[in-house]
Amino acid sequence: GDSAIGRDRCVLYLNTHLDHSSAAAQEMSARLIVRRLTELEGVGPPRVGCIHVGTVVTGDFNSWQQRADGQCGSAFGVFKEAGFRDACTEGGDPESCPFETFHDWKPEVKRTALTPPTLRRIGIAHGHIDWILWRGTGLKLASFRVVTDIADDE
């Protein structure tokens, strides 16, 4: 049976913004985040009667999930080893997962800087740096989409 029936379900959520220039700092930050989330999951929700069903981490990770050699990037590798899954990768529809989410506040320029064919040629499946990660048996990805609309009122 489902031990969560009749109980409130709680999700542990964290949003982050990792260093933009140091892969070592990104990896160390990822390790710190995973360690702290694991500790919090072990303690359980602060609210009595609430069952923890999963953990979600979102943010600007400032690094690609995959290096040009096809291996996991160091920060993403830490999350992946800890059982986190990526919404963009697992969303099912390749069109919903953009190659690039970094725009440097100039989306019309950056959108063409690293095109999907260029990234594919160097072995990068996608180059987005903003991720939605989750783990936990009580969470299921329903849908995924990145809004890339550009507002007219700059």
Side-chain angles (χ1 to χ4, degrees), residues 1-103 105 107 110-111 114 116 119-120 123-151:
D2 184 354
S3 63
I5 291 176
R7 297 178 68 186
D8 288 337
R9 292 173 174 92
C10 296
V11 173
L12 178 58
Y13 173 79
L14 175 105
N15 186 64
T16 191
H17 192 150
L18 299 187
D19 186 84
H20 72 281
S21 62
S22 168
Q26 293 163 357
E27 182 179 354
M28 290 187 319
S29 296
R31 291 191 187 287
L32 175 65
I33 289 168
V34 166
R35 184 172 56 245
R36 184 64 179 134
L37 289 174
T38 301
E39 291 169 1
L40 291 169
E41 290 166 339
V43 171
R47 212 170 92 219
V48 175
C50 189
I51 185 169
H52 175 257
V53 295
T55 300
V56 177
V57 181
T58 63
D60 180 347
F61 292 82
N62 274 310
S63 63
W64 288 352
Q65 292 179 352
Q66 183 182 18
R67 299 187 315 238
D69 63 6
Q71 299 298 311
C72 279
S74 58
F76 183 66
V78 170
F79 286 102
K80 189 173 180 180
E81 288 172 13
F84 282 91
R85 299 164 66 182
D86 172 52
C88 189
T89 303
E90 296 196 19
D93 177 13
E95 295 300 316
S96 69
C97 185
F99 263 71
E100 188 175 36
T101 54
F102 175 75
H103 55 74
W105 301 107
K110 295 307 272 189
R111 185 177 287 155
L114 290 172
L119 288 168
R120 282 191 186 108
I124 302 294
H126 49 69
H128 63 279
I129 61 172
D130 305 293
W131 312 338
I132 300 172
L133 308 174
W134 87 94
R135 70 178 175 190
T137 57
L139 299 178
K140 179 182 173 189
L141 180 63
S143 66
F144 176 84
R145 178 174 167 245
V146 175
V147 177
T148 57
D149 300 341
I150 300 172

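With contacts defined as side-chain heavy-atom distances shorter than 4.5 Å, the pair Leu141/Trp134 qualifies. Inter-residue side-chain proximity for Leu40 and Thr55 is flagged as unmet; no heavy-atom pair is nearer than 4.5 Å.
For the atom pair CZ of Arg31 and CD of Glu81, the computed distance is 6.5 Å after rounding to the nearest 0.5 Å. Note that CG of Leu12 and NE2 of His52 are 5.0 Å apart. Values are rounded to the nearest 0.5 Å.
When every heavy atom of Arg135 is checked against every heavy atom of Thr38, the shortest pair comes out as NH2-OG1, 3.0 Å. Leu139 approaches Gly54 most closely through the heavy-atom pair CD1-CA, 3.6 Å. Among all heavy-atom pairs drawn from Ala75 and Leu18, the shortest one is CB-CD1, 4.4 Å.
Within the 3.5 Å criterion, the main-chain N or O of Ser74 finds no donor-acceptor partner in the side chain of Gln26.
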Exercise for the section: Give the C-alpha distance, both sets of side-chain angles, the deciding distance and a yes or no for side-chain contact (heavy atoms from CB on, under 4.5 Å) between Leu133 and Phe76. Expected result: CA-CA 10 Å; Leu133 308 174; Phe76 183 66; 3.9 Å; yes
Exercise for the section: Could you walk me through whether Phe84 and Val78 pass the side-chain contact (heavy atoms from CB on, under 4.5 Å) test, one step at a time? Expected result: CA-CA 9 Å; Phe84 282 91; Val78 170; over 6 Å; no
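Ring geometry, Phe61 versus Trp131: the interplanar angle falls under 30°, so the pair is classed parallel (tilted spans 30 to 60°).
In His17, the NE2 atom is crowded: over 12 heavy atoms of neighbouring residues, nucleotides or ligands sit closer than 6.0 Å.
For the side chain to side chain contact (heavy atoms under 4.5 Å, CB included) test with Thr16, the passing option among Leu32, Thr58, Ile33, Asp60 is Ile33; the others fail.
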